[in-house]
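Heads up: the structure comes next, in structure tokens.
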There are 2 protein chains.
Amino acid sequence: MPRDTFHKLKEEKRELITNAFLREFAIKTYDEASITQVVKELGIAKGSMYQYFDDKLDLFMYLIEECSKVKMQYTLHVSREDYPDYWEYFHALFLEGLKFDANHPLQSHFLHNLTQNLNSPSVKEQFDQLQKQVVEAFTAMVKYEVGIGKFRDDVDLDVLGFMLYKLGTGVQEHLEYHNIINPQQSIETRTPVYQGKKKELIATLNHYIALARSAFDKQ
Amino acid sequence: MPRDTFHKLKEEKRELITNAFLREFAIKTYDEASITQVVKELGIAKGSMYQYFDDKLDLFMYLIEECSKVKMQYTLHVSREDYPDYWEYFHALFLEGLKFDANHPLQSHFLHNLTQNLNSPSVKEQFDQLQKQVVEAFTAMVKYEVGIGKFRDDVDLDVLGFMLYKLGTGVQEHLEYHNIINPQQSIETRTPVYQGKKKELIATLNHYIALARSAFDKQ
DNA sequence: CATCAATATGACTATATGGTCACAAATGTA
DNA sequence: TACATTTGTGACCATATAGTCATATTGATG
């Protein structure tokens, strides 16, 4: 948690600082990211940062929380009940992700880099915790779908849940792997990751959904 | 590539060195792994290491290569033609992996840690290259199965390939996530990762295969 | 204006490590 | 034994950064 001092800052300065660090952590590993550098860039003293945050990890967690909040505003709009089918819901979630990316590129960049970022041993614990939350959310969804007879019931729920989680991250990784999106480059050019790639994303997403339907749906 | 000096070493010493570093890289990130420490442990001079290898990366790549060779000896036994069905072949590959793990725990540990290991920016390039090889291998398999009419042909080959790749890594990650296996602990106790967990592995594997059959097979 | 608390500052410390290099030891050769 | 070549050695250097702290600055308050 940031200290009071940070919250008391003028909004402008607070955002300047937040954004500068978002940028740093968006292109570097947690361990690589240098407070010294960013602070120099910002023209503020390093000591000040330690008046705002307990330490590097505190700062990092704050950034995660802020970005998550912003993204939530988008995904919480989408509600399962509005869709007759889980996969249309799943699809809709991705579209919200697109909006988020377009409107908040910096936050999107940061979150894109998070996976790699979090492999640093220094934040492994935090990563495991986050991952657990996400997997559990997916497992809960699966459970619901099985319950209402939409998903198959002959496969372990945990397997379905974990696979659904992997499916979510898989689409993005697929697009990165095939150079359709390039988060690193997008960060440099400060453009949304999916700018001009909406069609490609949706096409790939639909392919994955086609596979997933066969795998998950009760036949 | 290790220097000649290294190859000329007595086999015993060569293995002592190799094993010590396998252990180090099995429990730490590439960046975290400390040559200084291992060398101290081994009781040899740091300078000697630089007579054996160009640098840290050279050493690391050597370890990858050695372990891969050993594992290959197992997986190359399995041939697609001996199975009527891709998934039985897939299953058989995992069983060979089990044998490898049981007979070469150290190498298995190292390879298990490789994924996390390779997220260090210092070796990102190497990781991408390795990943590319693996994904391409899977994509080739998929292409073959589609060709002989076993796999569906209405989904992009790249999607099938990438998903199959994810499936391979997914089973292991699933077991780790659910604490069925614990590579870190296994390294400490120097026991094979899957020791006493064969049944669990196979059960989970079969669940994933059940899903995959529905997803990939031509109906 | 004077006083006190909250902030800002940046030189400095502690800490590690990859890699080098001049020199020592060992091994081979004749 | 005398010489040459290959190996082994470990003190040393360059490098970088998270975090600290005594001090200076600012701002509010009466």
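Since this is a predicted model, take the numbers as computed values, not measurements. Chain letters run A, B, ... following the sequence lines, proteins first, then strands; residues in each count from 1.
What separates CE of M49(A) from P of dG10(C) is a distance of 15 Å, to the nearest Å. The distance from atom CD1 of I44(B) to atom P of dA24(C) is 21 Å, rounded to the nearest whole Å. Summarising the geometry, the separation between CG on L42(A) and C1' on dG10(C) is reported as 15 Å, rounded to the nearest angstrom.
Remark: T5(B), K8(B), L9(B), K13(B) in residues 2-19 of chain B come within less than 4.0 Å of DNA chain D through at least one heavy atom.
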- Message: Counting primed atoms plus P, OP1 and OP2 as sugar-phosphate and everything else as base, spell out the protein contacts along nucleotides 14-28 of chain D at 4.0 Å heavy-atom distance: B, S or - for each nucleotide, 5' to 3'.
- Response: ---SBBB--------
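Considering only residues two or more places apart in sequence or on other chains, Q185(B) meets the side-chain contact (heavy atoms from CB on, under 4.5 Å) condition with N182(B). The side-chain contact (heavy atoms from CB on, under 4.5 Å) search around Q73(A) returns none, not counting sequence neighbours. Applying the salt bridge (Lys or Arg N to Asp or Glu O under 4.0 Å) criterion to E136(B), with sequence neighbours excluded, gives no partner residue. For H109(A), the ring-ring contact (aromatic ring centres under 6.0 Å, His included) test picks out no residue, with sequence neighbours left out. K46(A) is linked by a salt bridge (Lys or Arg N to Asp or Glu O under 4.0 Å) to nothing, counting only residues two or more places apart in sequence or in another chain. Scanning for salt bridge (Lys or Arg N to Asp or Glu O under 4.0 Å) contacts around R14(B) gives an empty result, with sequence neighbours left out.
The ring pair (Phe, Tyr, Trp, His ring centres under 6.0 Å) contacts involving residues 113-142 of chain B comprise nothing, where partners must be two or more places apart or lie in separate chains.
Screening F60(A), Y62(A), F21(A) for a ring-ring contact (aromatic ring centres under 6.0 Å, His included) involving F53(A) leaves a single residue, Y62(A).
Note on F53(A): nothing from the nucleic acid sits closer than 4.0 angstrom, heavy atoms only.
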